[in-house]
Amino acid sequence: MSGEAKRTTLREVPVEEAIGLRLAHDLTQILPGEFKGRLFKKGHVITESDIPKLLDIGKAHIYAMELGEGELHEDDAALRMAEALRGDGTRMTEPHEGKVAVKSDLDAPGLAVVDPAFVQAVNEIGEIALATVKTNHVVQPGGQIAATRVIPLVVEEAKVRKVEELATRYREAHGGAGPLRIKPLRRLRIGLVTTGGEVFSGRITDKFGPAVRHIVEALGSEIGEQRFAPDDRQTIVKEIHYLLDNRYDMILVTGGMSVDPDDRTPAAIKAAGADIVSYGTPMLPGSMLLVGYIGEVPIMGLPGCVMHDPYTSFNVLLPRVLAGDVITRADIVDMGYGGLYGC
């Protein structure tokens with residue numbers, strides 16, 4: 001009927017008759033235990049030598065496509081969405097099986113910034129898929145923060161434009177920052193105070209220092225100095241002030257964080273002049289962690305679980321401090337949802 005918009009058409013063609021035609025989509029080869037990946041890329045022109053390979057993957061027919069007005073192929077749609085959404089610290093890949101990945105472009109670990117409400121708004125459009133890591137997730141160099149794709153082989157261009165419009169409004173509301181971005185982590189000089197009479201006296205070997213050093217160095221910072229103190233509040237205060245006087249960017253105090261009367265660390269941190277954001281978090285392990293600030297210098301009291309558990313509240317909060325975030329009471333409260341690990 002005249003005046004009707006042209007719709008996308010797919011023409012099924014036997015592979016033996018497909019020489020010279022272009023593939024409408026990627027074709028994947030799976031060799032169990034050996035290989036899974038793209039055998040032919042979308043747009044590949046079929047040659048005579050390709051026919052046995054197509055038959056080997058069970059393709060007796062291929063589809064030749066003619067796009068309709070106002071419609072996009074899955075690859076083009078995924079590319080446009082990724083370009084609209086990605087922000088600082090990211091790059092995007094070429095389409096693969098209809099998907100485009102958004103990855104870190106940093107040469108060191110960074111912190112993912114993702115707005116859950118924005119992700120939901122995109123996925124509510126329909127036939128659009130945006131999958132992301134959680135916000136404040138540590139992304140390694142080259143690591144993935146998101147992937148875009150559409151569900152059908154062909155999608156209405158208007159739906160992709162809606163994604164682009166959402167991204168434009170987000171940037172306008174956030175000073176030009178993209179909806180998917182990665183914040184670099186600062187390289188801080190960190191001072192460490194290890195408390196406990198048993199370690200101070202040499203009765204047992206310090207295990208806290210190596211564990212904390214490993215976590216800190218994995219994120220690109222360094223423990224500049226480690227001091228030792230018995231379970232004595234005034235001595236701990238003196239060591240904290242020593243680190244402040246030597247202008248360390250952050251101070252960590254390990255041990256003595258329980259409610260045991262012999263544990264003096266929380267009171268010592270407060271006595272050293274810290275403004276306590278929270279003593280305790282709704283996350284396990286790591287519920288006894290303390291977060292505060294002495295002026296602009298962040299200080300944390302680390303519970304014993306940091307020595308032996310692979311992921312604690314310290315692993316959650318340290319990257320945020322390194323990214324320049326100021327930790328608030330609301331941030332601590334939010335840690336309860338999804339905060340049960342290793343149980």
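- Every residue meeting the ring pair (Phe, Tyr, Trp, His ring centres under 6.0 Å) condition with H174, not counting sequence neighbours, appears here in chain and number order: Y170.
- The heavy-atom pair separating A84 from P179 by the smallest distance is O-CD, 4.3 Å.
- Alongside L79, the hydrophobic cluster contains M92, V100 (criterion: ILVMFWY side chains under 4.5 Å).
- Residues F200 and L243 fall into different hydrophobic clusters, defined by Ile, Leu, Val, Met, Phe, Trp and Tyr side chains chained together at heavy-atom separations under 4.5 Å.
- Under a hydrophobic clustering in which Ile, Leu, Val, Met, Phe, Trp and Tyr are joined whenever their side-chain heavy atoms come within less than 4.5 Å, directly or via other members, L322 and V216 fall into the same cluster.
- Within 6.0 Å of CG in D107 there are 12 or fewer heavy atoms belonging to other residues, nucleotides or ligands.
- A 4.5 Å side-chain heavy-atom check between I190 and I251 finds every atom pair outside the cut-off.
- With rounding to the nearest 0.5 angstrom, the CD1 atom of I145 is 12.0 Å from the CG atom of D105.
- Distance check: T265 OG1 to M288 CE gives 11.0 Å after rounding to the nearest 0.5 Å.
- Rounded to the nearest 0.5 Å, atoms CE (M300) and CG (L290) are 9.5 Å apart.
- Across every non-hydrogen atom of A147 and Q144, the tightest pair is CB-NE2, 3.5 Å.
- Counting non-hydrogen atoms of neighbouring residues, nucleotides and ligands closer than 6.0 angstrom, the NZ atom of K270 reaches no more than 12 such neighbours.
- Across all their heavy atoms, A77 and V155 have their closest contact at CB-CG1, 3.8 Å.
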| message | Between I62 and L23, does the side chain to side chain contact (heavy atoms under 4.5 Å, CB included) criterion hold? Intermediate values first, please. | response | CA-CA 7 Å; I62 64 107; L23 284 174; 4.1 Å; yes

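- Put simply, the side chain of M250 reaches to within 4.5 Å of the side chain of L318, judged on heavy atoms.
- Side chains of Q29 and K53 form no contact here, defined as non-hydrogen atoms less than 4.5 Å apart.
- At least one side-chain heavy atom of Y341 sits under 4.5 Å from a side-chain heavy atom of M283.
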| message | Using the rule given for side chain to side chain contact (heavy atoms under 4.5 Å, CB included), can you reason through M257 versus Y279, listing the C-alpha separation, both sets of side-chain angles and the distance that settles it, and then say yes or no? | response | CA-CA 9 Å; M257 292 300 302; Y279 174 28; 3.5 Å; yes

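- Put simply, CG on L192 and CD on E225 are 10.0 Å apart, with the number rounded to the nearest 0.5 Å.
- Tracing side-chain contacts under 4.5 Å through hydrophobic residues (I, L, V, M, F, W, Y), one never reaches V199 starting from I223; they form parts of separate clusters.
- Residue pairs meeting the ring pair (Phe, Tyr, Trp, His ring centres under 6.0 Å) criterion with at least one member in residues 230-249, sequence neighbours excluded, do not occur.
- Looking at L180 and F118, their side chains never come closer than 4.5 Å, going by heavy atoms from C-beta outward.
- For the pair R161/E156, no side-chain contact is recorded, criterion being any heavy-atom separation below 4.5 Å from C-beta on.
- Side-chain contact check for E127 versus V150: every heavy-atom pair is 4.5 Å or farther apart.
- Of the possible donor and acceptor atoms, one in the side chain of D231 sits under 3.5 Å from a partner among the backbone N and O of G197.
- A pairwise comparison of heavy atoms in R86 and R171 identifies O-NH2, 2.7 Å as the closest pair.
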| task | Verify side chain to side chain contact (heavy atoms under 4.5 Å, CB included) between K183 and D325, making sure each step is shown before the conclusion. | result | CA-CA 10 Å; K183 296 169 66 173; D325 291 353; 2.5 Å; yes

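- Within 6.0 Å of NZ in K99 there are more than 12 heavy atoms belonging to other residues, nucleotides or ligands.
- Using a distance-only test at 3.5 Å, with no hydrogens or angles considered, a donor-acceptor pair links the side chain of R187 to the main chain of G220.
- In this structure, R264 contributes its side chain and Q234 its backbone to no donor-acceptor pair below 3.5 Å.
- Closest non-hydrogen pair, G98 versus A78, comes out as O-CB, 3.6 Å.
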| task | Report the C-alpha distance between I294 and L244 in whole Å, list the side-chain angles of each, state the deciding distance to 0.1 Å, and finish with yes or no for side chain to side chain contact (heavy atoms under 4.5 Å, CB included). | result | CA-CA 9 Å; I294 303 178; L244 286 170; 3.8 Å; yes

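- More than 12 heavy atoms of other residues, nucleotides or ligands shown are found within 6.0 angstrom of CG on D331.
- A chain of hydrophobic side-chain contacts below 4.5 Å, direct or via other Ile, Leu, Val, Met, Phe, Trp or Tyr residues, connects I19 to L54.
- With sequence neighbours left out, the salt bridge (Lys or Arg N to Asp or Glu O under 4.0 Å) criterion links R149 to E74.
- Under the 4.5 Å side-chain heavy-atom criterion for ILVMFWY residues, no single connected hydrophobic cluster contains both V119 and L111.
- If you take OG1 on T194 and CG on L252, they are separated by 9.5 Å, rounding to the nearest 0.5 Å.
- When side chains are defined from C-beta on, L317 counts as touching I332, because their heavy atoms get closer than 4.5 Å.
- At least one donor-acceptor pair closer than 3.5 Å links the side chain of T195 to the backbone N or O of T254.
- Taking each heavy atom of A82 and T148 in turn, the nearest pair found is CB-OG1, 3.8 Å.
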Atom pairs and distances, side-chain donor-acceptor, residues 303-314, under 3.5 Å, sequence neighbours left out:
residue: T312; atom: OG1; partner: F314; partner atom: N; Å: 3.1
residue: T312; atom: OG1; partner: N315; partner atom: OD1; Å: 3.3
residue: S313; atom: OG; partner: G286; partner atom: O; Å: 2.7

Would you give me the side-chain donor-acceptor pairs under 3.5 Å for residues 129-136, sequence neighbours excluded?
residue: T135; atom: OG1; partner: V114; partner atom: N; Å: 3.1
residue: T135; atom: OG1; partner: V114; partner atom: O; Å: 3.2

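- Between the CZ atom of R189 and the CD atom of E222 there is a distance of 6.5 Å, given to the nearest 0.5 Å.
- Classification of D249 and R186 as a salt-bridged pair fails, no side-chain N sitting under 4.0 Å from a carboxylate O.
- Within a 6.0 Å radius of CZ in F35, more than 12 heavy atoms belonging to other residues, nucleotides or ligands are found.
- One N or O on the side chain of D206 and one on the backbone of F208 form a donor-acceptor pair closer than 3.5 Å.
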